[in-house]
Amino acid sequence: MNVFKLKKGGDRRRSRDTRAGPVPCEDVPVPSLTCPPPPSLPVPPGAMGGCFSKPKPVEVKIEVVIPEKERSKEEMSPNGKASPLIYKVNGTARHYHLEEHPIASNPYHNPKDVVEASVCHVKDLENGQMREVDLGCGKALLIKESGEFHAVGHKCPHYGAPLVKGILSKGRVRCPWHGACFNISTGDIEDFPSLDSLPRFQVKIEKEKVYIRASKQALQTQRRTKMMAKCISLSNYNLSSTNVLIIGAGAAGLVCAETLRQEGFSDRIVMCTMDRHLPYDRPKLSKSMDSHPEQIALRPKEFFCTYDIEVLTEMQVVAVDVKSKIAVFKDGFKMEYNKLLIATGNTPKTLSCKGKEIENVFNIRTPEDANRVVKLATSKNVVIVGASFLGMEVAAYLAERAHSVSLVELEHVPFKKFFGERVGRAVMKMFENNRVKFYMQTEVSELREQEGKLKEVVLKSGKVLRADVCVVGVGAVPATGFLKQSGINIDSKGFIVVNKMMQTNIPGVFAAGDAVTFPLALRNNKKVNVPHWQMAHMHGRIAALNMLAHGTEISTVPYLWTAMFGKSIRYAGHGEGFDDVVIQGDLDELKFVAFYTKRGSRRWRVGTRTAFHAESRRSDEVVAVASMNYDPIVSKVAEVLAAGRTIRKRDVETGDMSWLTGKGS
């Protein structure tokens with residue numbers, strides 16, 4: 001083991017003081033290995049999150065238990081095992097081995113925590129079938145594929161969807177609600193959204209009966225956090241230097257940090273955010289507006305401390321010097337980095353009309369914003385500007401709480417560009433049936449106040465709406481203004497341009513999330529911006545893998561969802577610029593599936609074994625799908641598209657969708 005010893009006013013020095021005992025993470029005062037910085041080093045005033053706090057005038061001894069593989073790696077001579085990567089930390093070369101991971105623990109080390117039960121006969125399941133089975137103290141998902149049985153957790157760790165209703169395809173199961181994918185052999189997550197994987201259980205066959213042996217605790221939690229490395233080189237750093245700096249603490253930033261640790265990365269990782277909170281589930285701000293920060297946190301504080309992921313909250317980066325590899329913060333603090341991820345997301349647009357600064361006019365950006373709106377809107381008059389996803393979700397959430405909800409939109413139908421006019425009208429009717437009043441094809445010209453607070457919203461049509469609260473949801477712009485002089489490639493709309501490996505034009509600088517455009521394989525590598533929660537997760541993972549030189553390219557199918565009045569619309573693919581919509585089902589009953597098609601060009605190879613020529617054929621192809629009350633069809637289409645198969649318009653026009661039917665039971 002390594003022990004770091006620090007005295008107030010001294011510097012960090014590595015010692016082998018074996019007399020020191022372990023220090024619980026929560027008792028250590030600063031992030032990661034949590035040694036307070038020497039007084040001579042600048043301390044960023046907003047530093048907190050994870051385990052940040054003010055240094056205490058006491059001697060602190062920290063025990064770091066290093067996995068055997070990591071210990072042997074650190075003690076290895078320069079002429080020993082070859083190292084594929086060498087990171088420079090404050091000028092000191094440090095070897096890092098990609099193939100080395102922390103040693104996995106035995107999930108059955110406690111006999112009292114183990115249950116074993118016979119769950120079915122071997123002939124009860126056909127290949128390609130799934131079944132929920134009860135072990136007495138919890139359920140598992142039993143799967144048969146290619147003649148082999150597998151058992152994993154039966155609930156998606158994201159929001160608890162029953163995976164038995166999902167899609168089984170080529171060694172993985174896809175969640176029916178939000179599209180997360182899990183490997184059936186390992187339980188590992190392969191596509192998002194979800195930070196955790198599924199627990200995997202042992203399966204054996206005896207006398208033609210299928211037995212499952214499982215941890216009782218895993219059956220209850222239905223989730224598994226992957227093994228992760230910790231930082232073992234803190235003594236090589238001062239406070240103003242890190243190996244990996246992540247600007248932004250949303251889904252992309254957090255998944256990047258976690259992936260690095262899962263891959264065995266054991267150097268320093270620092271995340272910084274303008275937010276006052278640790279990473280949280282941002283989509284819930286408009287879907288569950290009264291949620292408190294701790295209720296929607298993606299990880300608890302202890303997680304960041306345990307895995308040495310440092311978080312600087314309320315810290316804004318205002319410039320990046322890519323030549324010197326230095327990030328400059330608003331307060332003047334500077335941090336040197338080796339690898340950089342920019343995942344700053346978007347900034348909400350504001351109104352430009354007279355009175356826009358009046359009190360009680362909100363952009364929903366933080367939990368405090370959402371909580372404040374709910375409190376002020378209860379039994380009051382609410383005006384929402386913009387029929388965006390955020391605007392519509394806020395309207396749905398407040399409809400039963402407010403005295404009145406009015407929605408102002410420039411288009412004549414909500415979601416027209418995204419879902420099409422027919423689906424948009426069906427959604428609009430659902431809102432009108434729930435007392436939401438629409439004012440379409442108009443804009444806000446003025447906000448009027450009384451005693452400093454909002455009183456009325458004046459529309460360009462001349463209509464005056466009573467309003468105690470106004471929520472603005474008119475879109476967003478990428479938060480990349482601080483990069484204009486950096487040399488990082490930014491397009492005309494302000495998006496960071498990256499390749500399939502999430503790399504910018506600057507070596508060692510990566511970008512992810514809502515602020516980027518990237519080549520989407522589904523659309524012939526067209527550069528697109530996909531501001532979806534699921535996509536941000538995948539961006540973060542791909543960026544992390546390529547920081548470690550894996551050479552991994554992004555190939556996921558975009559997946560999103562929206563929830564309104566207890567109903568969800570699920571969507572997969574990328575339908576931007578669609579030419580037509582094929583609808584099956586009943587829009588009036590809100591039970592439908594919509595296929596978005598676009599005329600495309602496919603190149604087919606025809607000819608003999610020795611002579612080939614290319615022939616272009618044009619056909620209408622499905623590029624996206626949306627559904628309501630039609631699960632798991634969106635997940636099925638996503639899986640078909642992910643496999644590289646083409647769905648043609650004629651395939652979905654007949655109404656016969658048997659080719660999409662799964663075999664869950």
Side-chain angles (χ1 to χ4, degrees), residues 98-99 101-109 114-120 122 124-133 135 138-158 161-176 179-206 209-215 217-219 221-228 258-259 262-264 537-538 541 545 550 552 555-557 632 635-636 638-640 642-644 662-665:
L98 291 178
E99 72 274 15
H101 298 266
I103 299 171
S105 60
N106 179 8
Y108 305 117
H109 63 277
V114 177
V115 61
E116 182 174 307
S118 170
V119 294
C120 71
V122 290
D124 287 347
L125 261 68
E126 299 292 335
N127 279 325
Q129 286 190 324
M130 303 184 290
R131 174 183 291 183
E132 276 188 4
V133 292
L135 277 72
K139 293 182 179 181
L141 181 67
L142 182 64
I143 302 165
K144 186 177 183 181
E145 189 172 69
S146 301
E148 294 186 5
F149 286 91
H150 307 270
V152 294
H154 74 106
K155 287 185 178 180
C156 178
H158 181 223
L163 293 175
V164 71
K165 295 183 179 180
I167 300 299
L168 176 63
S169 175
K170 295 182 179 179
R172 70 179 189 177
V173 58
R174 183 183 284 267
C175 173
C181 298
F182 304 91
N183 186 294
I184 62 173
S185 296
T186 65
D188 287 349
I189 185 166
E190 295 186 347
D191 205 340
F192 301 91
S194 176
L195 294 174
D196 287 326
S197 297
L198 297 175
R200 178 180 65 88
F201 309 125
Q202 294 179 355
V203 180
K204 67 178 181 179
I205 309 296
E206 286 186 0
K209 289 186 177 181
V210 181
Y211 289 83
I212 294 179
R213 179 179 171 85
S215 159
Q217 182 179 5
L219 288 170
T221 61
Q222 291 292 316
R223 64 178 62 238
R224 172 177 58 86
T225 300
K226 286 186 178 180
M227 294 293 294
M228 298 190 198
E258 291 198 19
T259 301
Q262 290 164 4
E263 293 295 314
H537 286 68
M538 184 58 79
R541 176 164 177 78
L545 293 175
H550 282 211
T552 305
S555 61
T556 186
V557 174
S635 287
K636 178 60 178 178
E639 201 62 19
V640 171
K663 294 184 178 180
S665 64

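A side-chain contact (heavy atoms from CB on, under 4.5 Å) with M130 is found for one member of L142, L125, V173 and no other, namely V173.
Within the 4.5 Å cutoff, the side chain of L198 has heavy atoms near those of the P157 side chain. Put simply, the side chain of E263 reaches to within 4.5 Å of the side chain of R541, judged on heavy atoms. A 4.5 Å side-chain heavy-atom check between E206 and S118 finds every atom pair outside the cut-off. For the pair T556 and F192, the minimum side-chain heavy-atom distance is 4.5 Å or more. Taking the side chain as every heavy atom from C-beta outward, D188 and R224 approach each other to under 4.5 Å. At a threshold of 4.5 Å between non-hydrogen side-chain atoms, the residues C175 and H158 do not count as touching. Contact annotation: the side chain of H537 approaches that of L195 to within less than 4.5 Å [non-hydrogen atoms, C-beta and beyond].
If you take CD1 on I184 and NZ on K144, they are separated by 12.5 Å, rounding to the nearest 0.5 Å. Expressed to the nearest 0.5 Å, how far CD1 of I212 lies from NZ of K139 amounts to 13.0 Å. Rounding to the nearest 0.5 Å places CG of L219 at 11.5 Å from NZ of K155. Between atom OG of residue S215 and atom CD of residue Q202 there is a gap of 11.0 Å, rounded to the nearest 0.5 Å. Atom OG1 in T259 sits 8.0 Å away from atom CE in M228 (nearest 0.5 Å). Taking CZ of R213 as the reference point, atom CG of L135 lies at 11.5 Å (rounded to 0.5 Å).
Between S169 and E639, the shortest heavy-atom distance links the atoms CB-CG, 3.5 Å. Across every non-hydrogen atom of G166 and P176, the tightest pair is CA-CD, 3.7 Å. Minimum heavy-atom separation, Q222 to H154: OE1-N, 2.6 Å. The minimum heavy-atom distance between G187 and S197, with the atom names listed, is O-CB, 3.2 Å. Residues F149 and V122 approach most closely at CZ-O, 3.5 Å, considering heavy atoms. Scanning both residues, N127 and S146, for their nearest heavy atoms gives OD1-N, 3.4 Å.
Not one N or O on the side chain of T225 forms a donor-acceptor pair closer than 3.5 Å with the backbone of D196. Although no hydrogens or angles enter the test, the distance criterion places a donor-acceptor pair under 3.5 Å between the side chain of R174 and the main chain of G179. The main-chain N or O of C181 is never found under 3.5 Å from a side-chain atom of E190 such that the two would form a donor-acceptor pair.
Ion pairing between K226 and E258 fails under the 4.0 Å rule for side-chain N and carboxylate O. For E116 and K204, the salt-bridge test passes: some basic side-chain N is under 4.0 Å from an acidic carboxylate O.
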